[in-house]
Amino acid sequence: MYLCAINSPMEYRFQEIEKKWQHFWKINQTYRVEETSTKPPYYVLDMFPYPSGAGLHVGHPLGYIASDIFARYKKHTGFNVLHPMGYDSFGLPAEQYAIQTGQHPAKTTQENIERYREQLDKLGFNYDWSREIRTSSPAYYKWTQWIFIQLFNSWYNPTTNKAASIDELIKEFEQQGLSAVSLSALHGGLETEITPFSATEWVAFTAQKQQEILMNFRLAYLGESYVNWCPALGTVLANDEVVNGLSERGGHPVERKLLKQWSMRITAYAQRLLDGLDHLDWFDSIKETQRNWIGRSEGASVHFPLLNHEGSIEVFTTRPDTLFGVSFLTLAPEHELVTQLTTDEQSEAVATYVSTSKNRSERERMADVNTISGVFTGSYATHPFTKEPIPIWIGDYVLVGYGTGAVMAVPSHDERDYKFATYFSLAIKQVIRPSAAHDFNLGAWTEKTGTIINSDFLDGLSVLEGVQRMISAISEHGHGSKRINYRLRDAVFGRQRYWGEPIPVYFKGDTPYLIPADQLPLDLPEVDKYLPTEDGDPPLGRATHWKFNEVYEYEKSTMPGWAGSSWYFLRYLDPTNDQCLASPEKISYWGNVDLYMGGAEHATGHLLYARFWCKFLHDIGVVPFDEPFKKMINQGMILGRSSFVYRVVGQQTFVSAGMKDGYETTAIHVDISLVNNDELDLEGFKAWRSEYKDATFLLEPSGVYLCGYEVEKMSKSKYNVQTPDELVDRFGADTLRMYEMFLGPVEQSKPWDTKGITGVHGFLKKYWRLFHLNGSFEVNETTPTKEHFKILHKTIRKIREDLDRFSFNTGVSNFMICVNELTEVKGNYREILEQLTILLSPYAPHITEEIWEKLGHEPGSLYEVTYPEFNPDYLIESEYEYPVSFNGKMRFKVTLPMALTIEEIQAAILSQPETVKWIEGKVPKKFIVVPGKIVNVVI
RNA sequence: GCGGAUGUGGUGAAAUUGGUAGACACGCUAGACUUAGGAUCUAGUGCCGAGAGGUGUGUGGGUUCGAGUCCCUUCAUCCGCACCA
């Protein structure tokens, strides 16, 4: 008597079904991919996850589900689809955890990966797990190190505009010395330190000197760059980790420090990285972000000779037309000439200012636009044309890493210079007559329109003419030259950390040498602790008996997180090859990634570095393409809903959210598993942490404790992580897959909310019931009616269109409409339901496999079956229901034959009694008929 | 300050090229069935209005027979950033 629903075949037993098919796919290797297929290849890639201790949360699968659906769709439409997965398994959190607990990061990483795998397996993805990669495995990072070696052994040849062997450059030095052309290949960094030399001079240099010179050309090089250094932690911090000059963790002082470390000369590729964007099928917003990041600007470099000193200050300006309006120069506090130029009277002020600036993070200096600060050096430069003395100031709004670290200030035509000049009462000299009304007492005229005045030979020219004329003038007189500047900086590559790829370098004295490629990988050594050494070396300094040939010190820093992720898409093509990073045959078979799915937060970091390495590997002949990802879809972030309790300051008393006014409280994140509909489980809370075991509560009048909430990023530290596991247990993977898609457009960010999941689950149950009559599985083998075909083909068209434009949310809706309609018309025809099952299989692979088998097909064959084709014949209509509008407002509908001419439609509309009512006895001024669409009567 | 987005019911959202605004769901209301239901089914549900009807896509304008969609203006919110000279 209780059996009615529970054991009936009508029941959709998703747990059983999903377990069955996941097992089937595994043992039959259903998703294994080979290169032997005659079908065209299609490569779908997900951004691989960092396996964190919190496990996979509901945000991860959003992109994976979308790419899985698309990959399955491509498979059904005749492609040999590669859809691999792996782990970005080097990284800071594992190391932090290791520092706290002493556990080896490899161990916790392994545990996390196992958890991730278990969670991924439950969602029914079509990954070919035989191709799994991990960036932290020696077999993988051997090739990351190999790429480093290639970069070290390469320079960027400006003539051929591609990377080439450093041997070629050495040969050139031996034959011709260093030409000015080669020098111009360097867009930033160290070019001021090199002077051209002859072949004879080159040959006479010591080996060490030669290596130093070559270091200025290598694409992986040891150079000096500024970092946020925290002496107390003995480590470098990201801008994010520095708050008001103190480290976020521990609150220790942080200073800007020049550190000699490994960098990547990505700047050499600036123009190609910019140009390459034009041909990529990416979201415009991401491309625009990259363009801004690369930041190409055209202008001139101008030398201002120093007064009473040797040498000159070089500035970069995009407005050479305003050169006659210069009233002072500003140097970055870190500029190398600061010490030399500071006069005795100013030395104290300058020293104070420089040290203050040093403690401000770059982020802070950027964000703070309202505070104007600076100091006069006491020295002057000479204007290259007027020969007037120009005071030299220091200001931390000038950044040492951009341009030359010095600017020529033209207060009348630059807002920042204007504020600086006003604040310090410096001269403001107008050199452009604005093209519109403008009050120079209120601010600068920064538009690039107007007529140049007070500028000698530029007078009367337009801004654009002035720019050109001045560039020629400074070149003619030797004051400088035209210059293209990029704000892109070289990428710092060394990290003072343990859990990363060792850099395959050893030192003889100060000179770095590569470890021979045939001795790779250079394994990450064991250490007793994961902290820096007492004398300030990175953790690898703790490794014992770790020397090259037992003599030479290895490089002790490791590679950054982005190293392994900059080329991983290639390794999936040939994941076990130990002769090369991937065989040329496999690389050319698959080509670059056809569809890349991942978060937009990687817009500038990962995506820029991966493009850079791809172009480099292209230059040296490893890959035939020079962009890694042809098309990209960026999924939005799924945000968590954090819950808070409010502790009265200094007490163990917690006030309910509705009562907290009147108390001074601290908001504390509380684990969302202890909260139900904002109501806190009081006993659970006390048991959660020993520190809360004696907590007392001030409750709402209703007797409950209500938590506050906030929508923010999901993170372990916010205790707001929703894992998919619980939902899979309650509703099944197919429901979760479709629900995540149903939430909204995949690219949109949204807070996680499970309210609607029952609707999707109900849909799958309804679909399941379509195949069951009178309590058993049964389909109608006769020919369906026209009406059924119409429902099916309408759906086929919509589902295909939705898939082609990555509109997965409307796809789910269209399946719901189809199942609702088929339920309504009844008939459960095999011919219709079989097609619907194929159509649905990318979204809900488990339930459809089960149905497919029950329909009598070979188990597992659904994955390869051809996707239904749309046949427009089923949708041809003889009639159309016209919406009739009056002055653009829809009033009523009339069903008319499709075959009518415009005149006939007009006549038919006019004869409607409703029409008479709406035209109110007037004569229509206009009668618009769009056949098959609308009718609009203008009265 | 710069750059990128987003504003549509109580909620998530739909509306592919300008052509019936709110599909599909959640929620809610009423009802049926049931010992019960996180089950199923039926009807309703943008707002105002008894109704006729009016009104409605952040604001204000414009183009158009017709605007959520195109143009201008303005407000709000979110995200990113390296004040880019």
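Naming convention: chains lettered A, B, ... in sequence-line order (proteins, then strands); numbering from 1 in each chain.
Applying the ring pair (Phe, Tyr, Trp, His ring centres under 6.0 Å) rule to Phe806(A) yields the partners Phe70(A); only residues at least two apart in sequence or on another chain are considered. Residues passing the ring pair (Phe, Tyr, Trp, His ring centres under 6.0 Å) test with Phe927(A): none are found, sequence neighbours excluded. For Gln15(A), there are no side-chain contact (heavy atoms from CB on, under 4.5 Å) partners two or more places apart in sequence or in a different chain. Scored by the side-chain contact (heavy atoms from CB on, under 4.5 Å) test, Arg805(A) finds Asp802(A), Ser807(A), Thr810(A) as partners (sequence neighbours excluded). Residues satisfying the side-chain hydrogen bond (donor to acceptor under 3.5 Å, both in side chains) criterion with Lys933(A), sequence neighbours excluded, are absent altogether. Trp445(A) is linked by a ring pair (Phe, Tyr, Trp, His ring centres under 6.0 Å) to His438(A), counting only residues two or more places apart in sequence or in another chain. Remark: Ser312(A) pairs with His303(A) by the side-chain contact (heavy atoms from CB on, under 4.5 Å) rule, at least two apart or across chains. Remark: Met890(A) pairs with Pro883(A), Ser885(A), Lys893(A) by the side-chain contact (heavy atoms from CB on, under 4.5 Å) rule, at least two apart or across chains.
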Q: Would you write the dot-bracket representation of RNA chain B, where each base gets (, ), [, ], | or . depending on whether it forms a Watson-Crick or G-U pair under 3.5 Å and with which partner?
A: (((((((..(((......[....)))((((((.......))))))(((....)))..(.(((..]....))).))))))))....

Between N or O atoms, less than 3.5 Å apart, protein on one side and nucleotides 67-72 of chain B on the other: list the pairs.
none

Polar atom pairs (N or O), protein with nucleotides 21-26 of chain B, under 3.5 Å:
| unit_1 | atom_1 | unit_2 | atom_2 | d |
| --- | --- | --- | --- | --- |
| A23(B) | N1 | Ser813(A) | OG | 3.3 |
| A25(B) | OP1 | Asn820(A) | ND2 | 2.5 |
| C26(B) | O2' | Lys755(A) | O | 3.4 |

Hey, what are the protein-to-nucleotides 57-61 of chain B N/O distances that come in under 3.5 Å?
none

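Figure legend: Arg891(A) and Phe886(A) shown without cation-pi pairing, the cationic atom not lying both under 6.0 angstrom from the six-membered ring centre and within 45 degrees of its axis.
Ring orientation note: the planes of Tyr880(A) and Tyr882(A) are nearly perpendicular, at an angle over 60° on the 30°/60° scale.
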